[in-house]
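Protein chains get the first letters and strands the later ones, always in sequence-line order, with residue 1 at the start of each.
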Protein chains: 4
Amino acid sequence: MAGFQKISRQQGPRPGRPRDPEADRAILQATLKLLTDQGYAGMSVERVASEAGVGKTTIYRRYASKEELAVAAVGILRDDFGPPPNTGNTRTDIIQIIVQNQVALEHGPGFAIIGALLVEERRNPALLELFRERIIRPRKDEAVMVLQRGVDRGEIRADVDLEVAVHAMVGAMFARHILGDLESIKRIEETVDIVWTGLATKPRLPTT
Amino acid sequence: MAGFQKISRQQGPRPGRPRDPEADRAILQATLKLLTDQGYAGMSVERVASEAGVGKTTIYRRYASKEELAVAAVGILRDDFGPPPNTGNTRTDIIQIIVQNQVALEHGPGFAIIGALLVEERRNPALLELFRERIIRPRKDEAVMVLQRGVDRGEIRADVDLEVAVHAMVGAMFARHILGDLESIKRIEETVDIVWTGLATKPRLPTT
Amino acid sequence: MAGFQKISRQQGPRPGRPRDPEADRAILQATLKLLTDQGYAGMSVERVASEAGVGKTTIYRRYASKEELAVAAVGILRDDFGPPPNTGNTRTDIIQIIVQNQVALEHGPGFAIIGALLVEERRNPALLELFRERIIRPRKDEAVMVLQRGVDRGEIRADVDLEVAVHAMVGAMFARHILGDLESIKRIEETVDIVWTGLATKPRLPTT
Amino acid sequence: MAGFQKISRQQGPRPGRPRDPEADRAILQATLKLLTDQGYAGMSVERVASEAGVGKTTIYRRYASKEELAVAAVGILRDDFGPPPNTGNTRTDIIQIIVQNQVALEHGPGFAIIGALLVEERRNPALLELFRERIIRPRKDEAVMVLQRGVDRGEIRADVDLEVAVHAMVGAMFARHILGDLESIKRIEETVDIVWTGLATKPRLPTT
DNA sequence: AACTAATCGAGACGGTACGTCCTGTCTTTGA
DNA sequence: TCAAAGACAGGACGTACCGTCTCGATTAGTT
């Protein structure tokens, strides 16, 4: 999985002509464009090559398959995100994170990529795993961390599984997409509020 | 969308040779088998035809595309479900529904199909819509109905959006699959309990 | 080697759509054109397909490889030849045959094809053998037959190996091509005359 | 055509690192091996490089193309030949030459190379010409020279074109290879005898 | 000893073609 | 009219070479 070697620490320059970083960039860019415009099924390695002004070899030298290429392309989206929000208000923070992710997913090839990975899951589970590691899990960790701050501040009970809470809040967004139900900031807030009640140390007031 | 005409309403026997119902069966069966064994990407209409001992034409006369075929195949799974549970205990009922769906999804081609539909979403949104209508929405409606019974019994507040509650509970399951996080009955119960607190008319007792 | 099935004797019409004879024709024609214009190395199956207005599959359904396609294409040249000459004069007949072959080889892809087959000989000897059977051997047999008539007429000795005589006469033509030596009718006649002396029943007069 | 500069006439040692003669050797050796084992089509510059433990650059610095490399590799075979035979008997000498060539061609990549050059003839005629100059023509000249000695001795008529005679004798060998007809010393002798009759000053005795 | 220049192995590059596979359509014969 | 068989156009896949290029490291002669 050459495309993903992270920090090749302390490994003197390998022999041979180094890879062209410009090609790296052009490939991922073209992939992302096609992915966004045409969806995963409509994107082809051949088109990516031609659009990026690059030989097919140059792509396959970096990524072993179309799937892997797509994953890598989505991977670069991550960097657009700033640091996790920290307004001092846990509820505000968690809403902001979810909205952020929702926006990224909805505008962009996010769902299409996830779809492709689910399709390939049986044949090539490593790809989905890779995507999790690189893209999804870091986000989840952010969300959990924000909730953890809530625990530290005494806003959130210490005896609940924060992961499960994140599953519910983030999953609601997935569910709405798959169900075709309307998504909106309001609904995200409603979702958070419902879950929040289950997390909060102070019971909400009984309905009058 | 030939595969889905359920009730050919009152249309005297059409001329010509009638369709072979055995073929219908064999096609869906073979599709389901390949879908389950190889995943969506590994299933091909050609293989289905040969496995079912049927001409490709016979498939395409019934389903307009590979996607539609897959959707129809998944559709037959639905019938395995009995009527929605009604134990008198809303919490028990909703847990049972979610577990039921979780099991069906995890041991079948469910996620692979959903993936394929997400992949195709941009080019062919009708398919995802079809799947929603036929498979997903009925289940959601069941869940909402169960919660509505809770409202009627006074267990659940009347001012919350029950759909949002369902999103959170069902979505958590999706989220765990996509995140690769462990799924279990225990976690499903935890999820329901957290959400339940947000729905219940009686506040939970403050932590001692 | 589907392209070469000869007489499928008495085999009731096979099921399924029959092969398009127009495609057969267009493929071989396009192949021959590219072969002649660009040589064997410059011809590509992809170009043949596009030039013939045909899918690549349609070609590969008939011929297992580029080589086989080329052989088949050259095969259709054979039909341009009329019956072997029979002027009553054996020497005239044999000259005519050789000239005929020389012309066909020199203005067509003949040498390029033979070259390709020699190149492939070690990996795929069947192809060269196929070419021999279909194209070369029939011609040799014609030449031998003409000489045999000479034997019958008493012009040619009965104790010489006529095949060897044909090798020498035809081979001289090959040799000149490979050596890059000038070829001409005059040289063909000289070749035949030299060999002829070795074949003739009547010794040539000693040089004065 | 760097590979063939024989005499770098009087050009004081060029600056820079001199070429490694060991590389020269290893390249041609590996080429010859692959050529013999796999045929021309099965040989690739990449494999030669790796087999010779040499960079591709090092090959392309010496030879401009795969074809040229192959030609050069075959060229080194030539040196295995001793001086042309001179037994005093012209017929014996010429047979020996032809047998020698036949053996060299049949065991070795000779025909495959000739094939490759015929394939490339239209696009790159210079290569075939190079091969003629370097490999084929010298041999033909040897054969003609041997026959010329026969003329000088009065064994062979002075009014025949000796080249044509060589074409016939050598060509018969080519013809047998291409036709797939059995080759043997006996047949070579028969060939020479037939041609010899056409060349000889003394007519052969009429058949009894 | 520093400089210049060509060589070396390694391997990336754009490009082209290969042969395979699949999709969705079309065209046969037979029921 | 439907069925089974299978041919059809089209297009993408991933592989293999070709001939070129760019690296850092040698290895000479020249200053």
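With Y40(D) as the aromatic partner, K66(D) meets the cation-pi criteria of under 6.0 angstrom to the ring centre and within 45 degrees of the ring axis.
Across the protein-nucleic acid pair, R123(D) atom CZ and dT16(E) atom C1' stand 11 Å apart, rounded to whole Å. Distance CZ (R14(A)) to P (dA25(F)): 15 Å, rounded to an integer number of Å. Between the OH atom of Y63(C) and the P atom of dC18(E) there is a distance of 16 Å, rounded to whole Å. dT27(E) atom P lies 15 Å from atom CZ of R61(C), rounded to whole Å. Separating the CG atom of D24(A) from the C1' atom of dC13(E) is a distance of 13 Å, rounded to the nearest angstrom. Nucleotide dC13(E) holds its P atom 14 Å from the CD atom of E46(D), rounded to whole Å. A straight line from CG of L34(A) to P of dG11(F) spans 16 Å, rounded to a whole angstrom. Computed from coordinates, the I59(B) CD1 to dT23(E) P distance equals 10 Å when rounded to whole Å.
Put simply, the side chain of T57(C) and the base of dG10(F) share a donor and an acceptor less than 3.5 Å apart. At a cut-off of 3.5 angstrom, the base of dG19(E) holds at least one donor-acceptor pair with the side chain of K56(C). Put simply, the side chain of R17(D) and the base of dT26(F) share a donor and an acceptor less than 3.5 Å apart.
With rounding to the nearest 0.5 Å, the separation of CG in L35(D) from CZ in R122(C) is 8.5 Å. Within the model, atoms CG of L69(A) and CE of M43(A) stand 5.0 Å from one another, a figure rounded to the nearest 0.5 Å.
Residue D20(C) is the one, among D20(C) and V45(A), whose nearest nucleotide of DNA chain F lies closer to the 5' end (criterion: closest heavy atom). Each of K66(B) and P18(A) was assigned the nucleotide of DNA chain E with the nearest heavy atom; the assignment lying further toward the 5' end belongs to P18(A). Between A52(A) and G55(D), the residue anchored closer to the 5' end of DNA chain E is G55(D), taking for each the nucleotide with the nearest heavy atom. The 5' end of DNA chain F is approached more closely, in terms of each residue's nearest nucleotide, by M43(D) than by the other of G16(D) and M43(D).
At dC13(E), one or more side-chain N or O atoms of R62(A) fall inside 4.0 Å of OP1 or OP2 (strictly under the cut-off). Between T58(C) and dA9(F), a side-chain N or O to OP1/OP2 separation shorter than 4.0 Å is present. Using a 4.0 Å cut-off, no side-chain N or O of R47(C) falls inside it from OP1 or OP2 of dA17(E).
Proximity of I114(C) to F131(C): side-chain heavy atoms (C-beta onward) are separated by under 4.5 Å at one or more points.
Candidate nucleotides dA9(F), dG14(F), dG19(F) were compared by shortest atom distance to the side chain of Y60(A), and dG14(F) ranks first.
In summary, R19(A) and D24(A) do not engage in a salt bridge, as defined by a charged side-chain N under 4.0 Å from a carboxylate O.
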